[in-house]
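Below: the structure, in structure tokens.
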Amino acid sequence: MIAPQELIERITRAADYEDCIVIVESKTQANLRWASSTLTTNGVIAEQSVTVIAFVALPGGMATGSVTRTNIELDEIADVAKAAGMAARAAGVAEDQAPLLTNKEVGDWGAAHIATGPEVFKTFAPHLGEVFQKSQADAIELFGYAEHTHTTTWVGSKGGLRLRHDQPSGRLEMTGKSHDRARSTWEGRATRDFSDVDLAGVDAGIRQRLEWQARTSHLDAGRYQTVAPSGVMADMLAYLLWTSPGRDAADGRSVFAKTGEVGKTRIGETLAKLPINIFSNPSYKGLECNPFNVAAYSSPYGSVFDNGLPQEQWDFVKDGKLNSLLTPRATSEATGIPYGMGGDNVIMTVPGGSGEMESLIASVKNGLLLTTVWYVRMVDPVTSLLTGLTRDGVYQVKDGEVVGAVNNFRWNESPVELLGRISAAGSTEITATREVEDLSRTAAPAVIFEDFNMSTVSQAN
Amino acid sequence: MTHQVDPDFLALPLQAVSDAAIQSGLSLGASHVDVRIERIRTGVLHLRDTNPETQTDESVSGVGVRVIVNGAWGFASSPEISTAKAAELAKVAVAMAITSGPLSTEKIALAPEPIYASKTWVSHYEIDPFDVTGEEKIARLADLNAQLLKSEIVSNATAFSMFVKEQKHYADSYGTSTTQQRVRMQTAIEAFHVSDKGFESMRTLAQPAGFGWEWMGNSAWNWDEEIAELPSLLAEKVAAPSIEAGRYDLLIHPSNLWLTIHESIGHATELDRALGYEANYAGTSFATVDNLGKLQYGSSLMNVTGDRLTPHGLSTVGYDDEGVEAQRWDIIKDGVLVGYQLDRRIAARGGRERSNGCAFADSPSHVPIQRMPNVSLQPNPDGPDLAGLIASVEDGIFIKGDNSWSIDMQRYNFQFTGQQFHRIKNGELVGQVKDVAYQATTTDFWRSMKAVGGPSTYVLGGAFNCGKAQPGQIAAVSHGCPAAVFDKVNVLNTVAEAGK
């Protein structure tokens, strides 16, 4: 296979149109999966994608089109460059056209991809084996997944972009079940290299939660004061972000469109009682990520014309107010919404929030404690109403203490509305989502939601 | 039209690469080696009004090698298709299996399957979507959107089209070798009405299926007719009253019911889930093995089959990703659970003599796992047509088109919405309502099925994006079904659920 840097040089030279951006992503991954305390699958994966984006001048403006291939051999370069140009001409003048960034360098362009592999689990795997043995002895079944990935991204262009970023990421998930699977709980960890994964802590957390489920009672559906761990808040943040394109809001087709004034947005409107901040920042400690924009294709979330622009802090919600929406430069010019581009992480902070989740539990007189949420889907985009399930254990809290487990629920809630019903928050911590695995770099506090709508009881455990 | 596998895929060193991996794996002590060489090309077009907003044309290719050593799996993959790399991948996979051994108490065994040497299979399609120019595709979608935008009620229109060509060469150390090519299409057009009161939308009912670009003509699906009707349906929805929450008889059209089948039957009858293999991620199933042959899943009108044979089915193949020939079998018979979906490992673990051919991997980078076949509710041979079903409902709602879906991790509690909700009173349609979601427990719902439509109501629905496993995999799957009537199902008002 041709080295990514050489591939980029050759493709951009072969591109006979105004500009050409080539994005090469090399990815290596090692993973382990287990069920009933035995490994079930594993893998050592290598992947590569080469995206060629053509920018072709047409009467009326610039057109763009792209093709992506796993690998491109020397004798295929001219054809791929031509195919991208044809895609651009077919698409016609682009609505999102904006001046392309040129002559910029970031990162060690010439260095090779540093592959990860099974050696990343050198310490973790033996510990996992010990935890398996211990669980079998105690009639606990463990189910889970560990994954470590290295991704290197090169962005090069005819116009002189030479940008490179290396991204390590990893996650550990562990479900524990006992008593003929009548009890079930989960722990998740995000990590960059598995050196910081406290497997003993994960095991202890699972055992504590399974013990909490020794006493289980039925609870009817209804609205409850609910303590949500940071991971639940992170899953909710994902849905907030997915509804955040400025274009949709300007068209009036989003929860962030201003009702009654088509074309206007809710930017500036207070969403939360607490001074909540939701933002991305590529240099956030522990969640470091790409410092420049990468878009293999245009969509309401980003534009290929914005490739390479610096990724700085993007304040989505600031001091409890909607501050910005995802808005490429061209959309900004067309709609008047300020330019805003989110990065590869998301962080929520609540000034004044402090302490662990336990301190929030201690403040609840009569409510619920969640572990995770699951199968979350949009029901009504007008209000951003979501539906989902509770999973991995719901606990009843009375007078500041967990008194036992209750049944799972189907819930119906809007994350936008929920921001306004956060009454307390802990300190922000790096956390792991349960369902939205793509959002692998998140930090959020545990929070208390007032009047969380548990719509019906689920029999699942 | 019967196509051949594309010559440029056959020109790859398929046999040499798979032989190299198999020989390397066997020489290093593997008792089983299987190899997949794949190329999957996916195109996406998204138009906002008549302008392209998103365009992609992506091809993923590579080699995946899986081995069993001393009863433990090992897997490795690479984007490089060469004999040297294949031999190296087998070596990495063997090393992975040896490392995994101490952590694996389950000794992997595979249910036996006859050997199929040098078999070729191609799905039924007429026009390769990648042979159609970008200009032509965009023009067709833009034309459909433009028709919608002529209506005053339509403020915006979006068009989404996705087309896939999947080429796969499989070979294993028993001697099976298959080469297959499948094509599938999905298109959805959505009209929006925006006003100072908010917005409302309505999407086409056309279902994804194993067709080529001919799908976008008017022969397999009448796009022009559906687009012509959409503005008036949207206008009626905009003006419709909000549903009063409560229990209603539901007449569910196949364009909605396919998704309920997918979630509450399809996933619930995967044996790997029932055994716990997906417990950390996709979940388990209430339909555990002790229920086989006993569980009254639904009413006696309920007959559900699994297959990988249905023409134009999204899960239809000649052979699965473990070299098992495509089959058809019963999952629910006269309302009773009688069958599961299996791959070779799960079949052996479950004491079955043979897999029913449900192994699938969505890319060369992922291991094959048990994935869903076409799971379909059979029509009542003597059942009524749609008019007859409507006439049978005294006080209910006729639901068409899928929208939101969610179900719990044991496949008990589900909630679905739709595109169109037509009120039925005294056997007649009396206009649309809106803000409807229906919520039920799987077995309560299927046991309440009191009428099943005849063959004239049968439609093949489906999805491209069924998710399962870690690392995450997606699969395309079809679900055929007739329209059917369900007794007194819990209906929610979604505006009230939002606390408005």
Side-chain angles (χ1 to χ4, degrees), chain A residues 1 31 33 35-36 38-48 65-71 87 90-91 95 118 128-129 132 143-145 147 173 175 251-253 259-260 262 297-299 374-375 377-380 382-383 385 387-389 391 408 410 412 414 417 437 455-456 458-460, chain B residues 51-62 73-80 92 96 99-100 102-106 133-135 138 156 192 194-196 198-199 276-277 279-281 365 367 404-410 412-413 415 417 437 439 441 470-472 492 494 497-500:
Chain A
M1 292 174 71
N31 60 62
R33 196 177 194 212
S36 303
T38 180
L39 279 194
T40 53
T41 58
N42 57 64
V44 181
I45 293 169
E47 293 178 329
Q48 180 173 278
S66 71
V67 295
T68 302
R69 301 289 180 259
T70 296
N71 185 34
E95 277 199 321
L128 185 63
F132 283 174
F143 308 79
Y145 180 63
E147 169 189 289
E173 297 180 27
T175 295
D251 283 350
R253 296 189 283 119
T259 304
V262 178
Y297 52 86
S298 291
S299 75
W374 183 247
Y375 223 125
R377 294 291 183 274
M378 181 71 77
V379 174
D380 184 358
V382 175
T383 54
L385 179 71
T387 192
L389 284 305
R391 186 173 181 177
N408 277 303
R410 166 168 300 289
N412 283 314
S414 161
E417 296 285 327
E437 290 181 305
S455 180
T456 50
S458 159
Q459 294 169 251
Chain B
N51 301 309
E53 187 171 60
T54 300
Q55 169 272 327
T56 68
D57 173 1
E58 180 177 16
S59 178
V60 172
S61 56
W73 287 124
F75 176 77
S77 74
S78 169
E80 185 178 333
V92 174
M96 205 58 189
T99 304
S100 300
L103 298 179
S104 307
T105 54
E106 178 196 348
T133 65
E135 283 89 345
I138 290 168
N156 292 106
F192 295 85
V194 180
S195 73
D196 56 6
F199 66 100
Y277 283 78
N280 179 65
Y281 182 64
S365 304
V367 292
S404 174
W405 73 99
S406 174
I407 189 165
D408 71 36
M409 46 284 175
Q410 273 185 289
Y412 281 117
N413 178 300
Q415 180 176 305
T417 61
Q439 209 180 60
T441 296
Q470 290 178 301
L492 306 178
T494 56
E497 287 294 309
K500 294 288 182 184

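None of these values were measured; they are calculated from a predicted model. To find a chain, count down the sequence lines: A is the first, B the second, and so on, and within it residues start at 1.
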[X] versus chain A, heavy atoms under 4.5 Å apart: side chain, backbone, both or neither?
X      : result
B:I407 : both
B:I138 : side chain
B:Y277 : both
B:T417 : side chain
B:T441 : side chain
B:P102 : neither
B:Q439 : side chain
B:Y412 : side chain
B:V60  : both

Report which part of [X] has an atom under 4.5 Å of a heavy atom belonging to chain B: side chain, backbone, both, or neither.
X      : value
A:E95  : side chain
A:E147 : side chain
A:Y145 : both
A:L385 : side chain
A:R391 : both
A:Q459 : both
A:V379 : both

- Message: Restricting to side-chain hydrogen bond (donor to acceptor under 3.5 Å, both in side chains), what partner residues turn up for A:T259, sequence neighbours left out?
- Response: none
- Message: Among residues at least two apart in sequence or on other chains, which ones pass side-chain hydrogen bond (donor to acceptor under 3.5 Å, both in side chains) with A:S458?
- Response: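 A:S458: side-chain hydrogen bond (donor to acceptor under 3.5 Å, both in side chains) contacts with B:D408.
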- Message: The test is side-chain contact (heavy atoms from CB on, under 4.5 Å); show your working for A:V67 and B:E58 and say whether it passes.
- Response: CA-CA 6 Å; A:V67 295; B:E58 180 177 16; over 6 Å; no
- Message: Going by side-chain contact (heavy atoms from CB on, under 4.5 Å), A:T70 matches just one of B:S365, B:S59, B:S61. Which one?
- Response: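 One option only clears the test, and that one is B:S61.
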Of the listed residues ([options]), which shares the most heavy-atom pairs with chain B below a 4.5 Å separation?
options                     : value
A:S66, A:S414, A:S36        : A:S66
A:G252, A:A90, A:G43, A:A87 : A:A90
A:N412, A:D380, A:V262      : A:N412
A:P118, A:G144, A:G129      : A:G144
A:D251, A:L128, A:T41       : A:D251
A:A35, A:S299, A:S298       : A:S298

Backbone N or O of [Y] within a donor-acceptor pair of the [X] side chain at under 3.5 Å?
X      : Y      : answer
B:S406 : A:Y375 : yes
A:R377 : B:Q415 : no
B:S404 : A:M378 : yes

- How many angstroms lie between atom OG of B:S78 and atom CD of A:E47, to the nearest 0.5 angstrom? 10.0 Å
Which atoms form the tightest heavy-atom contact between [X] and [Y], and what is the distance?
X      : Y     : value
B:P52  : A:A91 : CG-O, 3.4 Å
B:P471 : A:I45 : CG-CD1, 4.4 Å
B:V367 : A:N42 : CG1-O, 4.0 Å

Assess, by modelled atom type and distance only, whether the side chains of [X] and [Y] contain a donor and an acceptor separated by less than 3.5 Å.
X      : Y      : answer
B:Q470 : A:E437 : yes
B:E497 : A:S455 : yes
B:E106 : A:T38  : no

- Check the pair A:N408, B:M409 against side-chain contact (heavy atoms from CB on, under 4.5 Å), reporting the backbone distance first and the verdict last. CA-CA 10 Å; A:N408 277 303; B:M409 46 284 175; 3.5 Å; yes
- Message: Are there over 12 heavy-atom neighbours, none belonging to B:F199, within less than 6.0 Å of that residue's CZ?
- Response: yes
- Show your working on side-chain contact (heavy atoms from CB on, under 4.5 Å) between B:D57 and A:T68 and close with a plain yes or no. CA-CA 6 Å; B:D57 173 1; A:T68 302; over 6 Å; no
- Query: Taking the six-membered ring of B:F192, is NZ or CZ of A:R253 closer than 6.0 Å to its centre and within 45° of its axis?
  - Reply: yes
